Structure formats: structure tokens, C-alpha cells
Amino acid sequence: MVLRITNTLSRQKEDFVPVDPKHIRFYVCGPTVYDYAHIGNARPVVVFDVLYRLLKTLYPRVTYVRNITDIDDKIIDASQKSGDEIGSLTTKFAEIFHQDMNELNALSPDVEPRATDHIPEMFEMISSLLESGHAYEAEGHVLFCVRAMESYGQLSRHSRDELVAGARVEVAPYKKDPADFILWKPSTKEQPGWDSPWGRGRPGWHLECSAMSAKHLGKTFDIHGGGQDLIFPHHENEIAQSVCSHGGAPFVKYWMHNGYLTVDGEKMSKSLGNFHTVRDLLNHTPGEAIRLALLSAHYRQPIDFSLPALNEAKNGMDRLYTALRISAHTKADRILGADVQQALEDDINTPQAIAELHRLASLLNKNPNDGATKGALLGGGEILGLLQQNPESWFKWGASDIDDAEIEALIVKRKEARDAKDFTESDRIRDELAAAGIVLEDNASGTSWKRS
RNA sequence: GGCUCGGUGGGAGAGUGGCUAUCCAGAGGAUUGCAAAUCCUUGUACGCCGGUUCGAAUCCGGCCCGGGCCUCCA
């Protein structure tokens, strides 16, 4: 079986044929660091992390690039509101982003370029576009001229003529056509800026990804991912900039886009108050449960995120970890089973892969000494970025009024009561622990416990 | 209006031209001092109408309903 992925360019599932099978290169649009990451930001990170892990098992070398946008008008606004300098603001939120994504078991990309480190590359790209007649200067701005690109609109299937003809917002007076977009814009004295051949200013939003992907992956590379909402205009404009500044060289072979995340059935937004930051969720749910929730629907489907859904994901992880706990003394070598691999090779079908994990868990529950099954469960978990800790620490995760030593002491007391057939006392202790959120499980090897 | 993605059992959510998805919840049973966990058994399903086919929830056409995008957005 070969890897198959749905390519937004064709809207079809295609066999993945690498540009260079010895070296896979892919790029995902990363965060704009001006605030805490929300759960919607986490979805592409987690989804493309699974793709990254899969590619690494299939090919000898993979370079994964995910940028950090550290110059943007939203950042400027946040800086003015908070009074923090832009540099310290972006450093702070980039660090928070890293911590949060680490809690979700997302691997670091191989390269994590920052926009502000690539201003010279952006200059180069703008110059090239001006020279080739794909861009023009107007009132301190440099704009991409959509009319100069015959194939503009292919990814989003927008007709260039329609985009040129109609616009639903007021068109800036310096634009030749409403669909033209900014490559470089002037900065006031208060705004951050760089001296450029076109005056002091800052880059337009789309430019950085074109400049950074070319620098770190080359003009033509395999996969570019991001959220569905980036198809237009962001990715469409990336294609325009890259193709036109690279003499028509193909840009990206496979475009992948993850679906939207809603919260309680409604689009997440600050005004609706249904806004979950990853950090908030991590305060009362372990990262792997959040990760499972994000992977429980196929990446292209919309996913509704809610606290009950999150709780169900937690239960799902509990079930998988229970099988590992039952087989704790079984030696196993981690191995990626064929069923999990095939599920993921089929357009990253994570729900199918998770179902396979559950099948393996059932097998292991029936036969805890089966090292091969345990190895397959661990290996399948690994490629999904799940089951990365030992079961005991999983079940002891969380805070309660009672600490581990007290729990253990009460369990010893309960055992003494049970040995003496004093079930009134042993049940009283169990109830006391239950009231504190501790659930006991008696089994052949003794009593284990977990925080519920 | 243009583009686009969907409508599967109580809930979540895959998949396939004919064969149990899986998980949660429900029912019954095994096990247990009683539980918990686990195991076994178990009900209700593929929006509507046509067509192709020996056979369609799965392919084709039409219709109904819902979501998203159309220059802030993962």
C-alpha cells in the first residue's frame, strides 16, 4: 500500500509520489504569536504531526518546516494594548505555544523559521516580482498584480476575472484591481518597520511563507498543509508569489487542509464566549486526551469540540491505558502494526487507526501476556502520538485533596480490614477515597487506584 | 450569486457494490465479599425520490436540509 492523500488542488485522493523519495519536504503554516493558542490552532499542529511521524517511518529523510509569524498587525495591536514590546511579546507567546504543543505530544518541526529573520529573502522575492511585472508600487505599497498571472485562483477555484471584477469590501484606492494583494506596506514611525528599496515598512501577510519555504525547502516541495480557512486568500497568494518569482517553477505538489473546529456546535469566537485556549484545557485534562479528541474525527471533517467530547476522549485513553496497566509485566517491543499503518496511509485516517488501537486493547485485556499485541498497541500509539507515558502516571494524573502517600496508606489499611473480613471498614475506606475522587480496582496482583 | 464540504443507529465517528467498524451510553450475563476493571451476549442505521445492477447505505441523476469560504481567522 502506498500513501494516499487528498490534494486540495484536485479535490481527490491521490497516490503520494514524492518530488524526491530520498528526501520528503513539507511545510505547515504556524502560529501568529500574539496570544495563547486556542484549540482550533492545535488541530493542524496535531494532525500534521501524525503525518510527520508517518512520513518518517516511510522515507529515509523528512524535513518539516513550520513557521512562526512574529510580525503582523494583530501583533502590533496586542503590543499597543498590553504595553509589551513586540519582541518580548512574540518571544513570550512563542514559548507558550511550544510548551502547549509539547503537552499535546507534537514533535518539534525540523526548522521553525521566523518571519523577521527573513526580511532579506522577502526583499529578494519582491524585487523579482517587480522585475517580472507581477508586482507594482503604489503610494509606498508594493502589490501583487493578479491580472498578470493567468492561472491565479486554481487552488480555491476562484475565477480571477470575478475576483478582479467584484469585491465586497471597499477597495483601497492604490489597488489597480480589487483582488491585488499587498507584498509590502509602509509603516508609520510608531509601527515596526524595516528600511527597504520601497521605503520603511513591513511585509504583507502572505509573503513570509513563500520566502521561508523557498529558503528551507526549495522552490518545489512535496506537501503544504494548513487549515481550510487558509485556502483563500493565504495559500492562493503564496502560490502566486512563489510561482511568479521562481520563473514558473511548480510550487507545491500536494496541498492538505484540515477542517474547521467548532465548539458546542458553534464557530469558536471570542465574542460568543466559547473560546478554549489549549492552556485552559490542559489545566483539567491531560494533553493526550485533548490530542485524542482532535484525532477522533478525520482531519478533513469538521469537528465539534465540547467538554463532554473531551471527557469521552479521556475515557478512551483510560481504556487504552487500562490494557497497558493490566499487561504491565509483559515485555514488548514497540512495533507499528500493518493495520494502523494502512489506516494512516489512507489519507491519515486517524479514526480508523484509533479503532485498531481499541481492538488491540481488547486482545491484550484477554491475553495480558501477549507481548506482540502489547508491542503493536505501543507502536500504534506512538505514531499517533498517544500512549507515551507509563500507565501508572497516566492514572495518577491530576490534583486532589489527598496525596499519593495517603492513598497508599489507606489502601494498606483497607487490605488489613479485608483480610480480617471486616467489609464494613474496607468499604468505608473505599467510599472515603471515592469521595476524594479516587477509584480503587482490586485484582489478582493487589489493588490499583486512579484519579477519576 | 460563485466555490466548497457534509447529511450513518441514543451520542461520537469510520468504511465498503453483497460479509460485526470502533468507542461512549442502554439491556442481560460471567467474574467479584460487594464494587471497580475486564470478558461474553444484545437492540435500534445509513436525508428523500428515481436510475444502473442479480444485488446500493455504497455508483449515477434530481431534490430537500445543514455547514464553510468569497481578501482578520487553524
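In what follows, chains carry the letters A, B, and so on, assigned in the order in which the sequence lines appear, proteins first and then strands, with residues in each chain numbered from 1. For the numbers below, each heavy atom of this structure counts, side chains included, while hydrogens, waters and symmetry mates do not. Treat the numbers as computed from the prediction; the structure is a model and nothing was measured.
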Measure the distance from CD on A/E425 to C1' on B/G33 and round it to the nearest whole Å. 15 Å
Grab the CZ-P distance between A/R451 and B/A36 for me, whole Å please. 21 Å
Partner of A/I86 under side chain to side chain contact (heavy atoms under 4.5 Å, CB included), chosen from A/D84, A/L89, A/T90: A/T90
Would you say A/N41 places a side-chain N or O within less than 4.0 Å of OP1 or OP2 belonging to B/A74? yes
Closest of B/A74, B/G33, B/C40 to the A/H38 side chain is B/A74
What interatomic distance, in whole Å, is found between C1' of B/G7 and the corresponding atom of B/G47? 6 Å
Can you identify which nucleotide, out of B/U38, B/A74, B/A21, has its nearest atom closest to the A/I326 side chain? B/U38
Inter-nucleotide C1' distance (B/A35, B/G67), Å rounded: 45 Å
Strictly by Watson-Crick or wobble contacts shorter than 3.5 Å, is anything paired with B/G6, and which nucleotide is it? B/C65
Closest to the A/R359 side chain: B/U22, B/G15, B/C3? B/U22
From the list B/G15, B/C5, B/C39, which nucleotide is the closest neighbour of the side chain of A/R300? B/C5
Have a look at A/F221 and tell me which of A/Y254, A/Y64, A/F251 forms a ring-ring contact (aromatic ring centres under 6.0 Å, His included) with it. A/F251
Flag, side chain of A/D100 to backbone of A/F97, donor-acceptor distance under 3.5 Å: no
So which nucleotide from B/A14, B/C69, B/C23 ends up closest to the side chain of A/H358? B/C23
Report yes or no: does A/R25 contribute a side-chain atom to a donor-acceptor pair with the main-chain N or O of A/L217 at less than 3.5 Å? yes
Please measure how far the C1' atom in B/A30 lies from the corresponding atom in B/C24, and state the result in whole Å. 22 Å
In whole angstrom, give me the gap between the P atoms of B/A45 and B/C40. 24 Å
Before you tell me yes or no, could you show the steps for A/D442 and A/R414 under salt bridge (charged side-chain N to carboxylate O under 4.0 Å, His left out), namely the whole-Å CA-CA distance, both residues' side-chain angles and the distance that decides it to 0.1 Å? CA-CA 11 Å; A/D442 297 327; A/R414 175 168 170 271; 2.8 Å; yes
Touch class at under 4.0 angstrom, heavy-atom based, for A/D304 against every strand present: nothing
Does any nucleotide pair with B/U44 by Watson-Crick or G-U wobble geometry, both distances under 3.5 Å, and what is it? none
Watson-Crick or G-U counterpart of B/G1, or none if no pair lies under 3.5 Å: B/C70
If the plane angle is over 60° it's perpendicular, under 30° parallel, otherwise tilted; pick one for A/W205 and A/H234. parallel
Can a side chain N or O of A/K450 be found less than 4.0 Å away from OP1 or OP2 on B/A37? no
Is it the case that B/G33 (base atoms only) and A/R418 (side chain only) share a donor and an acceptor within less than 3.5 Å, ignoring hydrogens and angles? yes
Could you let me know what B/A30 is paired to, Watson-Crick or G-U wobble, both distances under 3.5 Å, or none if it's on its own? B/U38
A/D427 has its side chain closest, among B/C34, B/C24, B/C5, to B/C34
Pairing partner (Watson-Crick or G-U wobble, both distances under 3.5 angstrom) of B/G18: B/C54
Partner nucleotide, any strand, of B/A25 [Watson-Crick/G-U, under 3.5 Å]: none
Can you tell me if A/K185 uses its side chain to pair, donor with acceptor, with the backbone of A/H141 under 3.5 Å? no
Just N and O in the side chain of A/S362: are any of them under 4.0 Å from OP1 or OP2 of B/C39? yes
Take A/I303 and A/I354, find for each the nucleotide of RNA chain B with the closest heavy atom, and name the residue whose nucleotide sits nearer the 5' end. A/I303
Could you tell me the separation between the OH atom of A/Y36 and the C1' atom of B/C73, rounded to a whole number of Å? 21 Å
Would you classify A/Q301 as touching base, sugar-phosphate or nothing, given that sugar-phosphate means primed atoms plus P, OP1 and OP2, and contacts are heavy atoms under 4.0 Å? sugar-phosphate
Tell me whether the OP1 or OP2 atom of B/C23 has a side-chain N or O from A/R319 closer than 4.0 Å. yes
Nucleotide of B/C34, B/C69, B/C39 approaching A/R430 most closely (side-chain heavy atoms): B/C34
Expressed in whole Å, how much space separates the P atoms belonging to B/C39 and B/G68? 40 Å
Is any side-chain N or O of A/N349 closer than 4.0 Å to OP1 or OP2 of B/A14? no
Measure from the side-chain heavy atoms of A/P351 and tell me the nearest of B/A35, B/A14, B/G33. B/A14
C1' spacing across the pair B/A57 / B/G6, given as an integer number of angstrom: 15 Å
Would you mind telling me which of B/G13, B/U22, B/A74 lies closest to the side-chain atoms of A/D229? B/A74
C1'-based separation of B/G66 from B/C73 [nearest Å]: 22 Å
For B/G10 versus B/A27, give the span between their C1' atoms, rounded off to a whole number of Å. 13 Å
Can you tell me the distance, in whole Å, between the NE2 atom of A/H298 and the P atom of B/C23? 21 Å
Students often get this wrong, so: under 4.0 angstrom with heavy atoms, is A/K74 touching a base, only sugar-phosphate, or nothing? sugar-phosphate
In terms of relative ring orientation, are A/F181 and A/F144 parallel, tilted or perpendicular, with 30° and 60° separating the classes? parallel
I'd like to know if A/D77 and A/K81 make a salt bridge, using a cut-off of under 4.0 Å between side-chain N and carboxylate O. no
Give A/A297 one of three labels, base, sugar-phosphate or nothing, depending on what nucleic acid heavy atoms sit under 4.0 Å from its own. sugar-phosphate
Among B/A74, B/A21, B/C40, the one nearest A/A355 by side-chain distance: B/A21
How is A/Y260 classified with respect to the nucleic acid when contacts are heavy atoms under 4.0 Å: base, sugar-phosphate, or nothing? base
Of A/D180 and A/A361, whose nearest nucleotide on RNA chain B comes first from the 5' end? A/A361
